Protein chains: 2
Amino acid sequence: MFKMISFTGKQMEPTMPSFNHNITPLIEHIKTFIPVSEHLVERLQTISEIRTIEKGKFLHKPGRVCHHTYFIVSGLLSVFYKKGEKEVTDNFAAEGEWITSIYSFMKNVPDNCYIETLETSELITIEVNRLEQCFSDFPEMERFGRFLISKYFMEQSERIISLQFHSAKERYDFFTKTSKNKLHRLPLGMLASHLGITQETLSRIRAGN
Amino acid sequence: MFKMISFTGKQMEPTMPSFNHNITPLIEHIKTFIPVSEHLVERLQTISEIRTIEKGKFLHKPGRVCHHTYFIVSGLLSVFYKKGEKEVTDNFAAEGEWITSIYSFMKNVPDNCYIETLETSELITIEVNRLEQCFSDFPEMERFGRFLISKYFMEQSERIISLQFHSAKERYDFFTKTSKNKLHRLPLGMLASHLGITQETLSRIRAGN
DNA sequence: TAGTTTTTTTGATCTGTATCAAAATCATCG
DNA sequence: CGATGATTTTGATACAGATCAAAAAAACTA
């Protein structure tokens, strides 16, 4: 079902990791799930890189395999799909969250999503092969991976319930409660799309009918 | 974030595991994700139990913490929530799939879902503490856990996309394609609810307008 | 097998949200 | 600035699917 990718030194080219970039936010994040040893910190330092991506750039586009996962130190990104001409926003992620195409990442196949920076963003990136090797070498990290994906799974469950039996207004209210930090940083159209409604409807909801 | 539950012998009471029940379907399932050693088979044999539950019984009800995960050898179950008087079906699961309240299971808190047998079902059950201990003792099993939840995560992603921008008919057609094995075993109302529509609408869709 | 209950279908009407169009507001930058 | 383009709001209308009601069909049960 899932293709295992073996780790070899070769994949570390062409960019060599820098060994003194600041991955503190990532470590702190992981510590909320598992204890983090010095040894693991060193490994994470080795396999990660820091990138600053300016607003409006794409980390991923359809037809390509997503080989990296991104931990967001600062900034805001979205994942969306296209249906004909329309962009349908699947998700947003901001500081302290992860963003990637899990689908592409896990199956090692192309995914037809777009990942775009909505703000200039500072990201800690990890290449999938290196991450898998880290999972193999540090069982506690494998556990972290399980916890993290479980957390996202539960959030998705809530979203499904919400889409299934809450009205547009209820969904908007839920978003304002649970994603305050993103609310005023998002273009109306994208938020509407994420909520499964048109931007006109969202505008009317905001106006209070 | 996630509460760790330590494993002690005590929790193995009151039912002692039987050591010769047939867990072949479970082992075969796990083998599609990871290699399974004899040692791991023995452990799974030890921590699992077999239960046959007749149709119309509840494995879980609101207000209780779900302490078990269930692998379905045969039969069909549903997870649903109540909104006022209405039952809103979140999910179905049949032979070869897992069913549990991930939410309750991971966080060790009550979940307000119902898990009901829609057919008499044969289940392999594993208690959460024992499973967590198995994850600790067998890193490959931890990996299996990560792969499994990732798989369900991806299925949920598809469902969200579907709810967000497909019509009722499109969603029905998608279900008929991807869940053929369940289609004719489900009451109309439950399937409609799962698709996010009323049963009248589903009936009309089936009639072809 | 008839009687009862449950499930599904059909019909009539209503409503939330979409769609199309245009006006108003906001942002960017030469 | 003021001009230009992007974003948001407002208005009028249309439609998918909900709701309410009742008939038909299927599934039990005695």
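Chain letters run A, B, ... following the sequence lines, proteins first, then strands; residues in each count from 1. The structure displayed is predicted, hence computed values, not measured ones. Just so you know, these numbers use all the heavy atoms, side chains as well, and skip hydrogens, waters and symmetry mates.
- The A:R204 side chain lies nearest to D:dG11 when the options are C:dA12, D:dT8, D:dG11.
- D:dA21 atom C1' lies 10 Å from atom CD of B:E200, rounded to whole Å.
- No hydrogens or angles considered: a donor-acceptor pair under 3.5 Å links the side chains of B:H21 and B:S48.
- One interatomic measurement links the two molecules: NZ of B:K169 to C1' of D:dC15, which rounds to 18 Å at whole-angstrom precision.
- The phosphate of C:dT9 (OP1 or OP2) has a side-chain N or O of B:S203 nearer than 4.0 angstrom.
- If you check the side chains of B:E87 and B:S193, you find no donor sitting under 3.5 Å from an acceptor.
- The distance between atom CD1 of A:I197 and atom C1' of D:dT9, rounded to the nearest whole Å, is 14 Å.
- Put simply, NE2 on A:H184 is 13 Å from P on D:dT8, counting in whole angstrom units.
- Atoms CZ (A:R206) and C1' (D:dT7) sit 11 Å apart, rounded to a whole Å.
- Across all strands, A:K86 comes closer than 4.0 Å only to sugar-phosphate atoms, never to a base (heavy-atom distances).
- Candidate nucleotides D:dT8, C:dA18, D:dT19 were compared by shortest atom distance to the side chain of A:P187, and D:dT8 ranks first.
- In this entry the distance linking CD1 of B:I205 with C1' of D:dG17 reads 9 Å, nearest Å.
- Here the P atom of nucleotide D:dA26 and the CG atom of B:L188 are 14 Å apart, to the nearest Å.
- Using cut-offs of 30° and 60° on the angle between ring planes, the pair A:Y114 and A:F80 is parallel.
- The one candidate from A:F174, A:F92, A:Y81, A:Y172 that meets the ring pair (Phe, Tyr, Trp, His ring centres under 6.0 Å) condition with A:H194 is A:F92.
- Between A:L202 atom CG and C:dT19 atom C1' the separation is 16 Å, expressed in whole Å.
- Out of C:dC20, C:dT17, D:dG17, the shortest distance to the side chain of B:S167 is found at D:dG17.
- Residues B:K55 and B:H166 both approach DNA chain D. Their nearest nucleotides, taken by heavy-atom distance, put B:H166 toward the 5′ side.
- Relative orientation of the A:H29 and A:F144 rings is perpendicular, given thresholds of 30° and 60° on the angle between their planes.
- Phosphate contact (OP1/OP2 of D:dG17, side-chain N/O of B:T198, threshold under 4.0 Å): absent.
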